[in-house]
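A quick write-up on the structure given underneath.
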Amino acid sequence: VQLQASGGGLVQAGGSLKLSCVASGSINIMAWYRQSPGKQRALVAAITSGGDTHYADSVKGRFTISRDNAKNTVYLQMNSLKPEDTAVYSCNANREGDLRVYWGQGTQVTVSS
């Protein structure tokens with residue numbers, strides 16, 4: 001499975017961005033991670049094939065993860081962005097019955113103060 005992420009960019013604090021990650025095949029759990037310089041990669045949000053979601057405490061109430069199973073696509077709507085949200089965001093997925101974890105390339109999100 002190949003994952004293609006897009007939607008990053010430069011935005012002012014308080015602004016919004018929407019990230020997309022398209023998978024080349026059907027997937028089970030999809031997630032967004034982020035990594036900023038000097039920090040470890042961290043889970044931002046995840047969603048199951050049934051629509052159950054999980055969010056990091058730091059983004060609850062501001063970010064929304066969703067998916068379109070027909071398009072094998074997961075979205076991350078990011079509102080009320082803060083400078084500390086600046087990071088490279090990567091999507092990740094697994095497939096039913098497959099122990100491998102697939103990663104997409106990162107997309108840079110920069111929030112200016």
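Note that the structure is predicted; figures quoted are calculated from it, not measured.
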Please say yes or no: joined through hydrophobic side-chain contacts below 4.5 Å, possibly via intermediate residues, are Tyr75 and Val59 part of one cluster? no
Hey, quick one: are Val22 and Ile29 part of the same hydrophobic cluster, counting side-chain heavy atoms closer than 4.5 Å, chains of contacts allowed? no
For Thr53, enumerate each residue passing the side chain to side chain donor-acceptor pair (under 3.5 Å) test, keeping only those at least two apart in sequence or located in another chain. none
For atom CD of Gln105, is the number of surrounding heavy atoms from other residues, nucleotides or ligands below 6.0 Å larger than 12? yes
Same cluster (ILVMFWY, side-chain, under 4.5 Å), Trp32 and Val11: yes
From Tyr33 atom OH to Cys91 atom SG, the distance as rounded to the nearest 0.5 Å: 11.5 Å
Hits for side chain to side chain donor-acceptor pair (under 3.5 Å) against Gln12, two or more places apart or cross-chain, chain-then-number order -> none
Just jot down the side chain to side chain donor-acceptor pair (under 3.5 Å) partners of Asp85, sequence neighbours excluded, or say none. Arg34, Arg62
Check the pair Met30, Cys21 against side chain to side chain contact (heavy atoms under 4.5 Å, CB included), reporting the backbone distance first and the verdict last. CA-CA 9 Å; Met30 295 191 79; Cys21 179; 4.1 Å; yes
Quick one: does any side-chain atom of Tyr89 pair with a main-chain N or O of Ala5 as donor and acceptor, under 3.5 Å? no
Test side chain to side chain donor-acceptor pair (under 3.5 Å) applied to Thr110 - qualifying residues, sequence neighbours left out: Gln108
In Å and rounded to the nearest 0.5 Å, what is the OG1 to CG distance from Thr86 to Leu81? 8.5 Å
Are side-chain heavy atoms of Met78 and Leu19 found at a separation under 4.5 Å? yes
Under the 3.5 angstrom rule, does the side chain of Asn69 hit a backbone N or O of Ser49 as a donor-acceptor pair? yes
Would Ser16 and Asn79 count as having a side-chain donor-acceptor pair, cut-off 3.5 Å? yes
Report yes if some heavy atom in the side chain of Ser66 is under 4.5 Å from a heavy atom in the side chain of Gln77; otherwise report no. no
I'd like to know if the side chain of Thr107 and the backbone of Gly8 have a donor-acceptor N/O pair within less than 3.5 Å. yes
Can you check whether Ala56's main-chain N or O pairs, donor with acceptor, with Ser58's side chain at less than 3.5 Å? no
Shared hydrophobic cluster for Leu17 and Val88 (ILVMFWY, side-chain gaps under 4.5 Å): no
Pairwise distance NZ(Lys71) to OG(Ser20) - rounded to 0.5 angstrom: 9.5 Å
Set of salt bridge (Lys or Arg N to Asp or Glu O under 4.0 Å) partners for Asp98, sequence neighbours left out: Arg100
Any idea which heavy atoms bring Val1 and Tyr102 closest together, and the distance? O-CD2, 3.3 Å
State yes or no: do Val109 and Leu3 share one hydrophobic cluster built from I, L, V, M, F, W and Y residues joined by side-chain heavy-atom distances below 4.5 Å, directly or via other members? yes
Would you list the atom pairs, donor with acceptor, under 3.5 Å between side chains in residues 39-48 and any protein atom, with sequence neighbours excluded?
unit_1 : atom_1 : unit_2 : atom_2 : d
Thr48  : OG1    : Gly50  : N      : 3.3
Thr48  : OG1    : Gly51  : N      : 3.3
Thr48  : OG1    : Asp52  : N      : 3.0

Measure across Pro83 and Ala13 and return the closest heavy-atom pair with its distance rounded to 0.1 Å. CD-CB, 4.1 Å
Looking at every heavy atom in both Ile27 and Asn72, which two are closest together, and how far apart are they? N-OD1, 4.4 Å
